[in-house]
*Asks:* 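Mind looking over this structure? Questions follow.
Each ligand, and each atom within it, is numbered from 1 in the order the structure gives. If you read the sequence from its start, that first residue is 1, and numbering goes on from there. All values below were derived from every heavy atom in this structure, side-chain atoms included, with hydrogens, water molecules and symmetry-related copies excluded.
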Amino acid sequence: MAGARTLAIIKPDAFSAGKAGKIIAHLEGQGFAVRAARVMRLTQAQAEEFYAVHRERPFYRSLVTFMTSGPCMPLVLEKANAVTAYRDAIGATDPADAKPGTVRKLFAESKERNAVHGSDSDENAEREARFFFSDAELLAAR
Ligand code: GDP
């Protein structure tokens, strides 16, 4: 089912504020199905690896500190054209720019503390799902 799944993370700002249930309910209401989920606290090494593409950006250290500041909730979500549909559902990186009704407009605090992550391509969705979930968990989700 190419294109049917994406990797989301409910980030530490939203998780620690007790917004995980509301965000998942909001996404389920838009037709996303949760196929894998866990609660974990990223280690520094994991956060650095996950965001390695941003290594040279000025916000990289701050982002790693934020993402390791408390528990987060990686999720595999399923829907037709999942990557695009989910990016549309979460809205722009900065909640100030996000459209009304998007997850980031509704639940995010700032450009960095922006409630959720979403993969930006099918290839990255697959790679990021494997970063958090075992083969057995991903197979069980099919
Ligand atoms: P996304 O795909 O919308 O999550 O955005 P990016 O891949 O460009 O950035 C990854 C994450 O880095 C974002 O979700 C934010 O948490 C953080 N971030 C992006 N841009 C900035 C910025 O200009 N300043 C800070 N402090 N954080 C940022």
*Asks:* Below a 4.0 angstrom heavy-atom separation, can you tell me which part of Met67, side chain or backbone, both or neither, approaches ligand 1?
*Replies:* neither

*Asks:* For Ala108, is there any backbone N or O sitting under 3.5 Å from a side-chain donor or acceptor partner on Arg113?
*Replies:*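 Answer holds: no.
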
*Asks:* Would Ser62 count as being in polar contact with ligand 1, using the rule that some N or O on each side must be under 3.5 angstrom apart?
*Replies:*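 Not met; the criterion fails.
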
*Asks:* Look at atom 26 (N) of ligand 1 and say which protein heavy atom is nearest, naming residue and atom and giving the distance to 0.1 Å.
*Replies:*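 Looking only at protein heavy atoms, the one closest to atom 26 (N) of ligand 1 is Glu112 OE1, 3.1 Å.
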
*Asks:* Relative to the heavy atoms of Asn114, which atoms of ligand 1 are at a distance of less than 4.0 Å?
*Replies:*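 By the 4.0 Å cutoff, the relevant atoms are 13 (C), 14 (O), 15 (C), 16 (O).
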
*Asks:* In plain terms, say whether Asp135 and Arg130 are close enough for a salt bridge, that is, a side-chain N and a carboxylate O under 4.0 Å apart.
*Replies:*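 A salt bridge is present here (some side-chain N lies under 4.0 Å from a carboxylate O).
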
*Asks:* Number the atoms of ligand 1 from 1 as they appear, then name those within less than 4.0 Å of a heavy atom of Lys11, with their elements.
*Replies:*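 So the atoms of ligand 1 that pass are 13 (C), 14 (O), 15 (C), 16 (O).
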
*Asks:* Is Arg57 in contact with ligand 1, taking contact as a heavy-atom separation below 4.0 Å?
*Replies:*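 No, Arg57 has no heavy atoms under 4.0 Å from ligand 1.
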
*Asks:* I need the Arg41 CZ to Cys72 SG distance, nearest 0.5 Å.
*Replies:* 10.0 Å

*Asks:* Taking Arg38 for its side chain and Phe133 for its backbone only, find out whether a donor-acceptor pair lies under 3.5 Å.
*Replies:*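 Between the backbone of Phe133 and the side chain of Arg38 there is no qualifying donor-acceptor contact (under 3.5 Å).
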
*Asks:* For the hydrophobic clusters of this structure (ILVMFWY residues joined by side-chain heavy atoms under 4.5 Å, transitively), does one cluster hold both Ile90 and Val34?
*Replies:* yes

*Asks:* Treating Ser62 as the side-chain partner and Phe59 as the backbone partner, does any N or O pair qualify as donor plus acceptor under 3.5 Å?
*Replies:* no

*Asks:* If only atom types and distance count, is the side chain of Arg87 paired as donor or acceptor with the main-chain N or O of Gly118 below 3.5 Å?
*Replies:* yes

*Asks:* In the protein, which heavy atom is nearest to atom 5 (O) of ligand 1, and how far is it?
*Replies:*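 Among all protein heavy atoms, the one nearest atom 5 (O) of ligand 1 is Thr93 OG1, 3.4 Å.
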
*Asks:* As a check for students: among Phe59, Tyr51, Phe50, identify the option with a heavy atom nearest to atom 28 (C) of ligand 1.
*Replies:* Phe59

*Asks:* Heavy-atom contacts with Arg104 under 4.0 Å: which atoms of ligand 1 show up? List them by number with element.
*Replies:* 1 (P), 3 (O), 4 (O), 14 (O)

*Asks:* Ignoring hydrogens and geometry, is there a side-chain-to-backbone donor-acceptor pair from Lys19 to Phe107 under 3.5 Å?
*Replies:*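 Present.
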
*Asks:* Taking a cutoff of less than 4.0 Å between a non-hydrogen atom of the residue and any ligand atom, is Asp120 in contact with ligand 1?
*Replies:* no

*Asks:* Which heavy atom of the protein is the closest neighbour of atom 2 (O) of ligand 1, given with residue, atom name and distance?
*Replies:*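 Ranked first by proximity to atom 2 (O) of ligand 1 is Arg87 NH1, 2.9 Å.
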
*Asks:* Quick one: which of Lys111, His54, Arg61 has a heavy atom closest to atom 15 (C) of ligand 1?
*Replies:*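 That would be Lys111.
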
